[in-house]
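Notes for the one structure printed next.
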Amino acid sequence: MGELLSDRLKSLLAAAAEEARKSGDLSYSAVPSVRIERPSNRSHGDFSTNFAFVIAKEAKLPPARIAEALVRRLAGRGGEVYDRVEVAGPGFVNFFISPSALYRGLSTILEQGEEYARFKVGEGKTVQVEFVSANPTGPLTVGHGRQAAIGDTIANLLERVGYAVTREYYYNDAGNQMKVLAVSVKKRYLQLLGEEIDFGEDLYQGEYIVDIAGALRERCGDSLRAEKDLKRFQEIAEESIFSGIKKTLASMGIRFDVYYNENSLFESGKVARVVDLLRKAGCVYERDGAVWFQATRFGRSKDRVIIKKTGEATYRLPDIAYHRDKLDRGFDIVIDVFGADHHGTFPDVLAGVEALGCDKSKIVVLIHQFVTLVRDGRQVKMSTRKAQFVTLEELLGEVGRDVARYFFLMRKMGSHLDFDLGVARKQSLDNPVYYLQYAHARICSIQKKYGERYGLLDRGRLLEVDLRRLTKEEELEIIKDLMRFEETVKSAAALFEPHRLCVYLEELAAGFHSYYNKHRVMIEDKGLREARLAMARAVQIVLKIGLGLLGVSVPESM
RNA sequence: GCGCCCAUAGCUCAACGGAUAGAGCACCGGAUUUCUAAUCCGGUGGUUGCAGGUUCGAGUCCUGCUGGGCGCGCCA
């Protein structure tokens, strides 16, 4: 079980084509990649294929003729899937799914419940998804929020289709930025103790530094006034900031399996090993006292310094070592989720990985564009340097986890995201999150009332319901929408595009809301009543799975 | 100057290279003695930024332009 209708059609089509070839009606050598698609126009059926166009040239026949030959052979043998197949337009073959196939599909949802739309296409292959990876120098920003939602949801989707997923956070708590952090905290601390201290512009300006300094004074009084060792300040700041970051992530419902410290790459000798290997490969040279990596040999426009003349590594070197390590750990797929500001740097890292002879094709880099917060039609300015940025924590406090996650996910990541705080705060149809949750809550309400009035139908009883009573156009449309869920999950996972799920769920919910306003579940006719309850139950299941994948809660009442 | 991303209805956005480009918002007009009106129904709204090209077929692919975002450190 679990075969998608489109897959079933594909094999039926392939068989028909093969038969046509054997009988001499068609001639082609290799079966091209056969595609079964969803026509946008309802009158074009539930599925269609462009097969005829694809082989028209080689077969030396007009597409319409090929389509006819196929339809002749498809006509009699799709009884369990479609009840009509026809040639349309210049050579499309359109399939019309039969009600019995729809009832079977609906029944599958009821049978499998929340295990529906779980696949094994990943075959247990391992995937690592790295995201957020913000260094502990300040609170997470709204931009990190988008990345967090995207990374976590992609991980959810991949798990759903059968991959073993590791969520990983990579961070660097060493180096110059941490020194700047320590100095920033120290100076704020001394200021709080009443000292006249010049706070330079190159230091971290955020209010959170003052907060950390305040907590420090609270705890240690003025005992650190003469503390020379910046380490103390750094440790305290890092601890405070990192626990804040983790708290923010937790309130978004995100847990990482691994926090990977960049420093460990130096300590374990993995960085040194990479330098060795690059040297042996003849991909590095020295100039001006620094060590350069010949990125230009791998299609990059510039060579890059990997070891400064001070002897310190630039960030690229541990990044290369880190990616090599990911591959060494045996992941079949390594996914990096980055913000648009990183688009210029990862190709250097990939070039480095390639220079090491690793298979960089296993690495998938997903770049998401920036988030703009909009309030009252105006852009809310953000800046990590200045004190006025809106943190992810603040945003979550304002709109809540469900809305935040959904808004971050509802647009494809290549687009800039306008996060409209006005809409996000609304609890009405303007807000898609409430729209979806409301559909779920409504069904829960129906079930409750149903139970009170007629007695509950448990799962076993629900499976015995005669679904053939669902004959209304709107009912068949809802079932067809339900049938699209599995392929939506599959494609959202395969393409790493969570927004497809959002688009789908809104369509499903719209169909249900519309149905709800037109037809009633609780009616005299017992058979029809039960069938409608079963259908509502299926919608509820799919909404719950779908929203669950997005990390959005499904309230039973609102 | 070079590189990456983006441009679709007044606004925010959808649309595996497929057929007549779809939603929501906004605007106009309607629906509830009924399982949740946080809902629904109808209407208005388009030369898919511009110019070429590839293709049986282009919003989608290629080239050039225009406009916007982001990068181009021995910062991360």
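Residue numbers start from 1 in every chain, and the chains themselves are labelled A, B, ... in the order their sequence lines are given, proteins ahead of strands. All values derive from a computational prediction rather than experimental measurement.
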Worksheet item: If you take atom types as modelled and just measure distance, does the side chain of A/S40 reach the base of B/rA19 with a donor-acceptor pair under 3.5 Å?
Response: no

Discussion item. Under 6.0 Å from the ring centre and within 45 degrees of the ring axis: does the NZ or CZ of A/R84 meet both conditions for the six-membered ring of A/F95?
Written reply: no

Worksheet entry | Complementary nucleotide of B/rC40, counting Watson-Crick and G-U pairs under 3.5 Å | B/rG30

Practice prompt. Return no unless some side-chain N or O of A/H342 is found under 4.0 Å from OP1 or OP2 of B/rC5.
Written response: no

Worksheet item: Just checking A/S491: base, sugar-phosphate only, or nothing, at a heavy-atom cut-off of under 4.0 Å?
Response: nothing

Worksheet item: Checking all strands, does A/H519 fall into the base, sugar-phosphate, or nothing category for heavy-atom contacts under 4.0 angstrom?
Response: base

Item to complete: Please evaluate the base of B/rA38 for a donor-acceptor partner in the side chain of A/Y438 within a cut-off of under 3.5 Å?
Response: no

Worksheet item: From B/rC74, B/rC5, B/rU20, pick the nucleotide closest to the side chain of A/N41?
Response: B/rU20

Worksheet item: Toward the 5' end of RNA chain B, which comes first, A/N135 or A/Y434, by nearest nucleotide?
Response: A/Y434

Discussion item. Salt bridge check, A/E507 against A/R484: does any charged N sit closer than 4.0 Å to a carboxylate O?
Written reply: yes

Worksheet item: Looking at A/Y454, does the NZ or CZ of A/R529 lie under 6.0 angstrom from its six-membered ring centre and within 45 degrees of the ring axis?
Response: yes

Worksheet item: Any side-chain N or O of A/K518 under 4.0 Å from OP1/OP2 of B/rC41?
Response: no

Fill in: 5' precedence on RNA chain B between A/Y435 and A/N94 (nearest-nucleotide basis)
A/N94

Response to the item:
Between CZ of A/R304 and C1' of B/rG73 the distance, given in whole Å, is 8 Å

Discussion item. Suppose we define a pair by two distances each less than 3.5 Å, Watson-Crick or G-U wobble; what does B/rU54 pair with here?
Written reply: none

Worksheet entry | Phosphate contact (B/rA37 OP1 or OP2) by A/Y516 side-chain N/O below 4.0 Å | yes

Worksheet item: B/rG3 phosphate, OP1 or OP2: any side-chain N/O from A/K302 under 4.0 angstrom?
Response: no

Practice prompt. Find the partner of B/rA21: check Watson-Crick (N1-N3 plus N6-O4 or O6-N4) and G-U wobble (N1-O2, O6-N3) distances, both under 3.5 Å, and reply none if neither fits.
Written response: none

Worksheet item: B/rC74, B/rC56, B/rC35: which one has an atom nearest the side-chain heavy atoms of A/F53?
Response: B/rC56

Practice prompt. Looking at every strand, decide which applies to A/K426 at a 4.0 Å heavy-atom threshold: base, sugar-phosphate, or nothing.
Written response: nothing

Worksheet item: Which of the following nucleotides, B/rU36, B/rC5, B/rC74, is nearest to the side chain of A/T314?
Response: B/rC74

Worksheet item: Watson-Crick or G-U wobble partner for B/rU60, using a 3.5 Å limit on both distances?
Response: none

Discussion item. So does A/I320 get a backbone contact from the side chain of A/H323, meaning a donor-acceptor N/O pair under 3.5 Å?
Written reply: no

Practice prompt. Scan every strand shown for a Watson-Crick or G-U wobble partner of B/rC70, both distances under 3.5 Å, and answer none if you come up empty.
Written response: B/rG3

Discussion item. Less than 4.0 angstrom from a charged side-chain N to a carboxylate O is my criterion; do A/E168 and A/K326 meet it?
Written reply: no

Fill in: Nearest to side-chain heavy atoms of A/N50, which nucleotide of B/rG18, B/rC35, B/rC13
B/rG18

Discussion item. Given B/rU36, B/rA76, B/rC35, identify the nucleotide with an atom nearest to the side chain of A/M558.
Written reply: B/rU36

Discussion item. Looking at A/S514, I'd like to know whether one of its side-chain N or O atoms comes within less than 4.0 Å of OP1 or OP2 on B/rC41.
Written reply: yes

Item to complete: For A/A441, report the nucleic acid contact type (base, sugar-phosphate, nothing); a contact means any heavy atom under 4.0 Å.
Response: base

Item to complete: Can you label the angle between the A/H519 ring and the A/Y515 ring as parallel, tilted or perpendicular, going by 30° and 60°?
Response: tilted

Item to complete: Verify the contact: side-chain N or O of A/S415 to OP1 or OP2 of B/rA14, cut-off strictly under 4.0 Å; return yes or no.
Response: yes

Worksheet item: Got a donor-acceptor pair under 3.5 Å from the side chain of A/H343 to the base of B/rG3?
Response: yes

Worksheet item: Is there ring stacking between A/F92 and B/rA19, where the centres must be under 5.5 angstrom apart and the planes under 30 degrees?
Response: yes

Worksheet item: So, is A/K57 close to the B/rC56 phosphate, meaning a side-chain N or O under 4.0 Å from OP1 or OP2?
Response: yes

Item to complete: Check whether NZ of the Lys or CZ of the Arg A/K490 lies under 6.0 Å from the centre of the six-membered ring of A/F119 and within 45 degrees of that ring's axis.
Response: yes

Worksheet item: What nucleotide, of B/rG69, B/rU36, B/rC74, holds the atom closest to the side chain of A/K308?
Response: B/rC74

Worksheet item: How is A/K309 classified with respect to the nucleic acid when contacts are heavy atoms under 4.0 Å: base, sugar-phosphate, or nothing?
Response: base

